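Reading through the structure tokens given below for one structure.
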Amino acid sequence: MRGDPSILHVDLDAMFAAVEQRDKVSLRGKPVVVGGLAGRGVVATASYEARAFGVHSAMPMSQARRRSPPGTAYLTPRFPAYKRTSEVVMRLLGEVSPLVEQVSIDEAYVDLAVTGHDLSTAGVTELARQIKAEIAAATGGVTGSIGAASSKLLAKIGSDLHKPDGLTVVPAGQELAVLHPLPVSRLGGVGPATEQRLRRSGVRTVGDLARVPLDDLVDWFGTAHGQGLFRLARARDDRPVVSEREAKSVSAEETFDVDLTDPVRLNRELDLLAARVAGRLRAGGLTGRTVNIKVRHHDFTTVTRAVTRDQPTDDGRLVAQLARRLLAEVDTSSGIRLLGVGVSTLADFAQDDLFSGSFPELGGLFGGPVAPLTEFPVAEAPGAGVAVEVLPAAPPMAEEVAERRDVAAPVWRTGQDVRHDEHGVGWVWGSGLGLVTVRFEGPLTAPGPVRTFPVGDPLLHPADPPDWTGRGTPGR
DNA sequence: TCTGGGGTCCTAGGACCC
DNA sequence: TCTGGGGTCCTAGGACCC
């Protein structure tokens, strides 16, 4: 905690609704609800006129419609417009200080300590007043509330204290006086579950929380959360303002208007989501090793599945393929309301390029760069079967051998998958390293020639993989 | 017509390695 | 041949935030 109120928290008031009211005169002074208008939509932002009727963010739209008076405007979000307004404000804040942490599209912390501004309470108050006026002028009337304090915690609480169009400066030394009367739910990180647990022990205000021993908090909430609450209740918060944070995951998900059961349809949706995620990865110059799916059942129970590969990817077809495998592990027969695809364990460079050369020596497979996808000519044994054995690189696993006489069907063993396309080219598809032995056989006769290939990584193959689904490549 | 979409962080358990 | 302990990676789930 600092000795000056040198951290600002700037929060635009009901931003989505405010932009709509700015852009359409007839909406001013009226209840405006922005969010998903379809059956399962929720409220993203309600204007203050709508909030008076009990409408708030995250409320189901159906409920918002019941609460709102006639004449309420229901609008689908126009993100590009909000983004432009956000950029105007962030640019403005960047002129106040070089250290600005944008938390979301409508919120940011500004560190004044790295500037030459007067950090007295009066000085900061005047500065915040100016910033508020500039925001309103630059955005055409969208207002922001500002809190200034000696920590992020108090700055954020301050900006919330007199919304909308509010300004609260917490003088150094006054933190506990401001904090302790507030309900615990005002602390960042205290949601419904934490609030409920605290209430069970008679804790309602931050002041109450400050009287709970550390051991109890750790008991109830675990080490990290427990210690965090202990500190926050005492206004101990030295989290720095950080301007750049690296993304940790990229994901896309969709809630369907009606629950889906058709596996073909589900797979198609998965492909679309995978393509969206991959496109955003590429746009951000990112690649990731872990592919996740999220499945929400009709009863809102949610499961996730994940698989981590050795090499990162930004290839939508590969993400889709892995996502389909993961989905195959989940029982979808009773109806799916939401499907999601994500990529995590991100690397910020495309590793593909490093290994797109020729096959390395076998020795290189063990710990070194991996080979491209292994191809083998199925046509070498026309009209015959092909036996494929996949031997993992690690000797202890060598007894796990996948064997299959018909490579048209997938082989599921040791994470490997064998296919062939209509051109008579077989593919080994998997993330493991090792050797694949292909034995070409005549029908019901003695084994034919045996060839051994290093198993590489499909991601690294420069050519388009074949369409294993038989339904065409997921389109864009 | 209850419950969006994009994220972050934490925990717990198991595998694996030394 | 009764078995320890720490570190790391991975997966699944949950709480939380805007």
Side-chain angles (χ1 to χ4, degrees), chain A residues 9-16 33-46 56-67 76-77 79 82 86 102-109 152 156 159-160 184-198 218 220-229 232 239 242 245-259 273 276-277 280 284 289-310 326 329-330 337-346 394 396-397 415 431:
Chain A
H9 182 257
V10 180
D11 196 343
L12 301 178
D13 303 312
M15 188 224 199
F16 294 2
V33 180
V34 182
L37 303 185
R40 287 169 166 172
V42 300
V43 175
T45 308
H56 57 78
S57 298
M59 172 182 282
M61 189 62 77
S62 53
Q63 198 177 338
R65 287 183 192 274
R66 286 197 292 273
R67 292 195 182 197
T76 295
F79 285 104
Y82 313 147
S86 174
Q102 185 172 354
V103 181
S104 70
I105 195 167
D106 63 354
E107 225 182 279
Y109 291 99
K152 280 181 162 182
K156 172 131 171 105
S159 72
D160 203 40
V184 283
S185 55
R186 298 291 276 276
L187 296 176
V190 177
T194 302
E195 187 184 8
Q196 194 70 17
R197 178 63 191 83
L198 288 172
V218 169
W220 299 342
F221 302 112
T223 312
H225 197 195
Q227 288 179 351
L229 290 174
L232 291 184
R239 289 171 297 167
V242 182
R245 267 182 299 186
E246 287 185 358
K248 297 235 172 15
S249 66
V250 175
S251 66
E253 63 186 49
E254 188 180 357
T255 295
F256 309 114
D257 282 346
V258 294
D259 299 345
L273 292 166
R276 248 152 73 189
V277 169
R280 278 164 44 200
R289 290 197 301 122
T290 306
V291 171
N292 315 270
I293 65 161
K294 175 170 162 183
V295 180
R296 181 117 72 206
H297 292 98
H298 68 287
D299 63 355
F300 221 75
T301 56
T302 305
V303 300
T304 60
R305 292 291 180 269
V307 60
T308 299
R309 295 157 31 81
D310 290 341
L326 292 170
E329 297 172 12
V330 181
R337 68 175 285 141
L338 172 146
L339 218 46
V341 174
V343 172
S344 53
T345 326
L346 299 183
M397 293 167 66
S431 59

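The sequence lines fix the lettering, A, B, ..., with proteins before strands; numbering per chain opens at 1. As the structure is a computational prediction, the values presented were derived from the model and not from experiment.
Within 4.0 Å of A:Thr345, counting heavy atoms only, lies no atom of the nucleic acid at all. Backbone-only engagement by A:Gly188 is indicated by non-hydrogen atom pairs under 4.0 Å involving sugar-phosphate atoms exclusively. Within the nucleic acid shown, A:Val250 comes within 4.0 Å of sugar-phosphate atoms alone, with no base atom in reach, counting heavy atoms only. Residue-level contact check: A:Lys294 touches neither bases nor backbone, having no heavy atom under 4.0 Å from any strand. No engagement by A:Asn292 is indicated, since no non-hydrogen atom pair under 4.0 Å with the nucleic acid exists. If you check every strand for non-hydrogen atoms under 4.0 Å, A:Ser57 touches nothing. A:Val43 comes within contact range of no nucleotide atom at all, as no heavy-atom separation falls under 4.0 Å. Nucleic acid contact class of A:Ala247 (heavy atoms, under 4.0 Å, all strands): sugar-phosphate only. If you check every strand for non-hydrogen atoms under 4.0 Å, A:Leu326 touches nothing. When heavy atoms are screened at a 4.0 angstrom cut-off, A:Gly191 is found touching the sugar-phosphate backbone but no base atom. Within 4.0 Å (heavy atoms only), A:Arg40 reaches sugar-phosphate atoms of the nucleic acid but no base atom.
Atom CZ of A:Arg289 and atom C1' of C:dC9 are 9 Å apart (whole Å). Nucleotide C:dG13 holds its P atom 10 Å from the NE2 atom of A:His297, rounded to whole Å. Between A:Gln227 atom CD and B:dC9 atom C1' there is a gap of 15 Å when expressed in whole angstrom units. One can place CE of A:Met59 at 17 Å from P of C:dC18, the figure rounded to the nearest angstrom. One can place CH2 of A:Trp220 at 20 Å from C1' of C:dG14, the figure rounded to the nearest angstrom. Rounding to whole angstrom units, CD of residue A:Glu246 and P of B:dG6 are separated by 21 Å. Distance A:His225 NE2 to B:dT8 P: 18 Å, rounded to the nearest Å. What separates CZ of A:Phe16 from P of B:dG4 is a distance of 16 Å, to the nearest Å.
Defined by atom type and a distance below 3.5 Å, a donor-acceptor pair is missing between the side-chain atoms of A:Thr255 and A:Arg337. With no hydrogens or angles considered, no side-chain donor-acceptor pair links A:Ser251 and A:Asn292 at under 3.5 Å.
The glycosidic torsion of C:dT1 lies more than 90° away from 0, which places this base in the anti conformation. With a glycosidic angle further than 90° from 0, C:dC2 counts as anti.
Of the listed nucleotides (C:dA15, B:dG4, C:dT11), B:dG4 has the atom at the smallest distance from the side chain of A:Val42. The listed nucleotides are C:dG13, B:dG7, B:dG4; the one nearest the side chain of A:Thr304 is C:dG13. The side chain of A:Thr255 sits closest to B:dG5 out of C:dC18, B:dT8, B:dG5. Distance from the side chain of A:Lys248 is smallest for B:dT8 among the nucleotides B:dG5, C:dC16, B:dT8. In the set C:dA15, C:dG13, C:dC18, C:dA15 carries the atom at the smallest distance from any side-chain atom of A:Ala193. Of the candidates B:dG6, C:dG13, B:dG5, the closest approach to any side-chain atom of A:Arg280 belongs to B:dG6. In the set C:dC18, B:dG5, B:dG4, the nucleotide with an atom closest to the side chain of A:Leu338 is B:dG5. Here the side chain of A:Arg337 is nearest to one of C:dC16, B:dG6, B:dT3, namely B:dT3.
Using modelled atom types, one side-chain atom of A:Arg289 and one backbone atom of A:Arg309 make a donor-acceptor pair closer than 3.5 Å. A:Ser86 contributes a side-chain N or O that, together with a main-chain N or O of A:Ile105, makes up a donor-acceptor pair within less than 3.5 Å. In terms of modelled atom types and a separation under 3.5 Å, the side chain of A:Ser249 and the main chain of A:Ala247 share no donor-acceptor contact.
Regarding contacts with the backbone of B:dG7, a side-chain N or O of A:Ser251 is found under 4.0 angstrom from either OP1 or OP2. OP1 or OP2 of C:dG13 lies within a sub-4.0 Å distance of a side-chain N or O belonging to A:Arg305. Within the 4.0 Å cut-off from OP1 or OP2 of C:dG13, not a single side-chain nitrogen or oxygen of A:Thr302 is found.
In this structure, B:dG14 forms a base pair with C:dC9, meeting either the Watson-Crick or the G-U wobble geometry with both donor-acceptor distances under 3.5 Å.
Comparing A:Ala224 and A:Pro60 by the nucleotide of DNA chain B that holds the closest heavy atom to each, the one mapping nearer the 5' end is A:Pro60. DNA chain B is contacted by both A:Gly222 and A:Glu253; A:Glu253 maps to the nucleotide lying nearer its 5′ end (nearest heavy atom per residue).
Nucleotides B:dT3 and C:dC16 place their C1' atoms 16 Å apart, quoted to the nearest Å.
Nearest heavy-atom pair across A:Val190 and A:Glu195 is CG1-N, 4.0 Å. Minimum interatomic distance between A:Val291 and A:Val343 (heavy atoms only, all atoms of both residues): CG2-CG2, 4.4 Å.
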Take A:Val43 and A:Gln63 through the side chain to side chain contact (heavy atoms under 4.5 Å, CB included) test and state the conclusion after the steps.
-> CA-CA 9 Å; A:Val43 175; A:Gln63 198 177 338; over 6 Å; no
